[in-house]
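This report refers to the structure that appears directly beneath it.
All values below come from the heavy atoms of this structure, side chains included, with hydrogens, waters and symmetry mates left out.
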Protein chains: 2
Amino acid sequence: MANGTRLANTAWESLMSAHAVLMRQFAAQDIWRELSMREYDVLYQLSKCPEPQRIGELHKHLLLSQPALSRMVDRLVERGFVERLAAPEDGRGVRLALTDTGRDVQRRIGRHHARDVARAVSARLDADELRQLEAICRKLASPEE
Amino acid sequence: MANGTRLANTAWESLMSAHAVLMRQFAAQDIWRELSMREYDVLYQLSKCPEPQRIGELHKHLLLSQPALSRMVDRLVERGFVERLAAPEDGRGVRLALTDTGRDVQRRIGRHHARDVARAVSARLDADELRQLEAICRKLASPEE
DNA sequence: GCGAAGTATATGCATTTGCATCTACTTGAA
DNA sequence: TTCAAGTAGATGCAAATGCATATACTTCGC
């Protein structure tokens, strides 16, 4: 294996590993009664957009198949957290918006989760490292040049 | 939200996002015919240990519930990639080992996957950034001090 | 405009997952 | 020893997931 390949793979593996360790730690917290982590993820993504968001757009940010997301939205709608709206320019499309209840739940759980994230991450990295990590991950997530 | 909290959360979110973007990209590759990514992950973890590994140990490195892992092992055993061995000092325990076939499959797919990882990651980060990322993620994955 | 090809989302169905619980074994204290 | 409490892993069952495909719309070349 070429050295560049090894370096890239080692870095990726350590990222995967950090992801797994922390996800496991967050999942163990007792804040996921009302919403599973995946459901929270959907509500969180929606909470970030001022405008109702297209399902396809939402899908890009989640590790779920499109049909699984479609059905997850079914459930969230049924539970009154999300509503489906028609897309103005595309008759096939659907836009999703948080309901007031949905926004409340997201905020409440988000507050606890953010605290857990800050605790876990800040216990291991200092501010400089956090800034470096963010910059590097931002590049990693950017479209390939 | 305190600044430290925000910084930590922003960094974590960018890591999540990088993880999602790249996982999606890797999943789209046409190399997962014989093994799903999750199955590959199990075989890969096993391939790293010279000794047969305990299920509980394996479980720590995977984002799967214990029962889901137990059944995944069932399937991998049935397909001839893994074998279950008794644990020498614990009658409840099970140790897992790759079969020769399992090792072959893991290596074959691993070769392709490593190439994809190197391509994707190296297109976005230079060697210095890779080393920083690895160091930081290693700290992140370390047990809390 | 019109039909073929393309895209956004939904649905049918088999498989996989997680939660609760069970079994079998180990440990530790009296 | 013996037995209560603890741990490793397996199993029953309902719910969530992915794959293939259907449906409803849009777009593009003619």
Side-chain angles (χ1 to χ4, degrees), chain A residues 20 23-24 26-43 45-46 49 51-79 81-97, chain B residues 20 23-43 45-46 51-79 81-97:
Chain A
M23 285 301 275
R24 174 178 297 284
F26 298 144
Q29 297 300 131
D30 190 26
I31 64 176
W32 309 109
R33 295 261 168 92
E34 301 179 88
L35 242 40
S36 72
M37 270 180 104
R38 281 181 148 181
E39 287 165 342
Y40 172 76
D41 210 359
V42 170
L43 297 198
Q45 292 298 333
L46 287 178
C49 315
E51 299 298 307
Q53 200 172 17
R54 289 293 291 269
I55 281 203
E57 197 53 40
L58 187 55
H59 180 222
K60 288 183 194 156
H61 301 288
L62 301 167
L63 279 180
L64 256 189
S65 69
Q66 176 271 314
L69 176 55
S70 176
R71 281 192 250 243
M72 179 128 151
V73 170
D74 288 348
R75 282 172 254 136
L76 292 172
V77 168
E78 187 155 11
R79 291 165 68 189
F81 297 149
V82 167
E83 51 188 348
R84 272 192 242 247
L85 308 168
E89 304 236 325
D90 189 336
R92 299 164 301 185
V94 170
R95 289 177 311 154
L96 300 175
Chain B
M23 285 301 274
R24 175 177 295 285
Q25 182 173 335
F26 298 144
Q29 297 300 132
D30 191 25
I31 64 177
W32 309 108
R33 295 262 167 93
E34 300 179 270
L35 240 41
S36 72
M37 272 180 101
R38 281 182 150 179
E39 286 164 345
Y40 171 76
D41 209 0
V42 170
L43 297 197
Q45 293 297 334
L46 287 177
E51 300 297 308
Q53 201 173 18
R54 290 292 291 269
I55 281 204
E57 197 53 39
L58 186 54
H59 181 222
K60 288 183 195 156
H61 300 288
L62 300 168
L63 279 180
L64 256 189
S65 69
Q66 175 271 314
L69 176 56
S70 175
R71 282 192 251 242
M72 179 132 155
V73 170
D74 288 348
R75 283 171 252 136
L76 292 171
V77 167
E78 186 155 10
R79 290 164 70 189
F81 297 147
V82 167
E83 53 189 348
R84 270 193 243 247
L85 309 167
E89 55 211 17
D90 190 335
R92 299 163 301 182
V94 169
R95 290 177 312 154
L96 300 175

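Checked against side chain to side chain contact (heavy atoms under 4.5 Å, CB included), A:A97 has the following partners two or more places apart in sequence or in another chain: A:P52, A:E83, A:L85. A:R38 pairs by the side chain to side chain contact (heavy atoms under 4.5 Å, CB included) definition with A:S36, A:L64, A:M72, not counting sequence neighbours. Residues satisfying the side chain to side chain contact (heavy atoms under 4.5 Å, CB included) test with A:E57, not counting sequence neighbours, are A:Q53, A:R54, A:K60, A:H61. Looking at residues two or more places apart in sequence or on another chain, you find a side chain to side chain donor-acceptor pair (under 3.5 Å) between B:E34 and B:R108.
How far CG of B:L58 is from CG of B:L46: 5.0 Å, rounded to the nearest 0.5 Å. Put simply, CG on A:L69 and CG on A:L62 are 6.0 Å apart, with the number rounded to the nearest 0.5 Å.
Using a 4.0 Å cutoff to heavy atoms of chain B, the contacted part of DNA chain D runs 5' to 3' from D:dG6 to D:dC13.
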Could you go through nucleotides 4-6 of chain C and list every protein N or O atom that sits under 3.5 Å from one of its N or O atoms, giving the distance for each pair?
unit_1 : atom_1 : unit_2 : atom_2 : d
C:dG6  : N2     : A:R92  : NH1    : 2.8

Each nucleotide N or O in nucleotides 17-21 of chain C that has a protein N or O under 3.5 Å away: list the pair and distance.
unit_1 : atom_1 : unit_2 : atom_2 : d
C:dT17 : OP1    : B:R38  : NH1    : 2.9
C:dT17 : OP2    : B:R75  : NH2    : 3.1
C:dG18 : OP2    : B:S65  : N      : 2.7
C:dG18 : OP2    : B:S65  : OG     : 2.7
C:dG18 : O6     : B:R71  : NH2    : 3.0

Enumerate donor-acceptor pairs with a distance under 3.5 Å from any side-chain N or O in residues 87-94 of chain B to protein atoms, sequence neighbours excluded.
unit_1 : atom_1 : unit_2 : atom_2 : d
B:D90  : OD1    : B:R92  : N      : 2.9
B:D90  : OD1    : B:R92  : NE     : 3.1
B:D90  : OD2    : B:R92  : NH2    : 2.8

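In this structure, B:L62 atom CG and C:dT16 atom C1' are separated by 15 Å, rounded to whole Å. For the pair A:I55 CD1 and C:dT11 P, the interatomic distance rounds to 11 Å; values are reported in whole Å. Between A:L96 atom CG and C:dA8 atom P there is a gap of 14 Å when expressed in whole angstrom units.
Across all strands shown, A:R84 has heavy atoms under 4.0 Å from sugar-phosphate atoms exclusively, and none from any base.
Among pairs with a residue in residues 66-79 of chain B, those fulfilling salt bridge (Lys or Arg N to Asp or Glu O under 4.0 Å) read B:E39-B:R79, B:D74-B:R84, at least two apart in sequence or across chains.
Side-chain contact between B:F81 and B:L35: present, with at least one pair of heavy atoms (C-beta onward) separated by less than 4.5 Å. Within the 4.5 Å cutoff, side-chain heavy atoms of B:H59 are placed close to those of A:R24.
When the local axes at the two ends of the helix from C:dG1-D:dC30 to C:dA30-D:dT1 are compared, using 5 base pairs at each end, they differ in direction by 30° after rounding to 10°.
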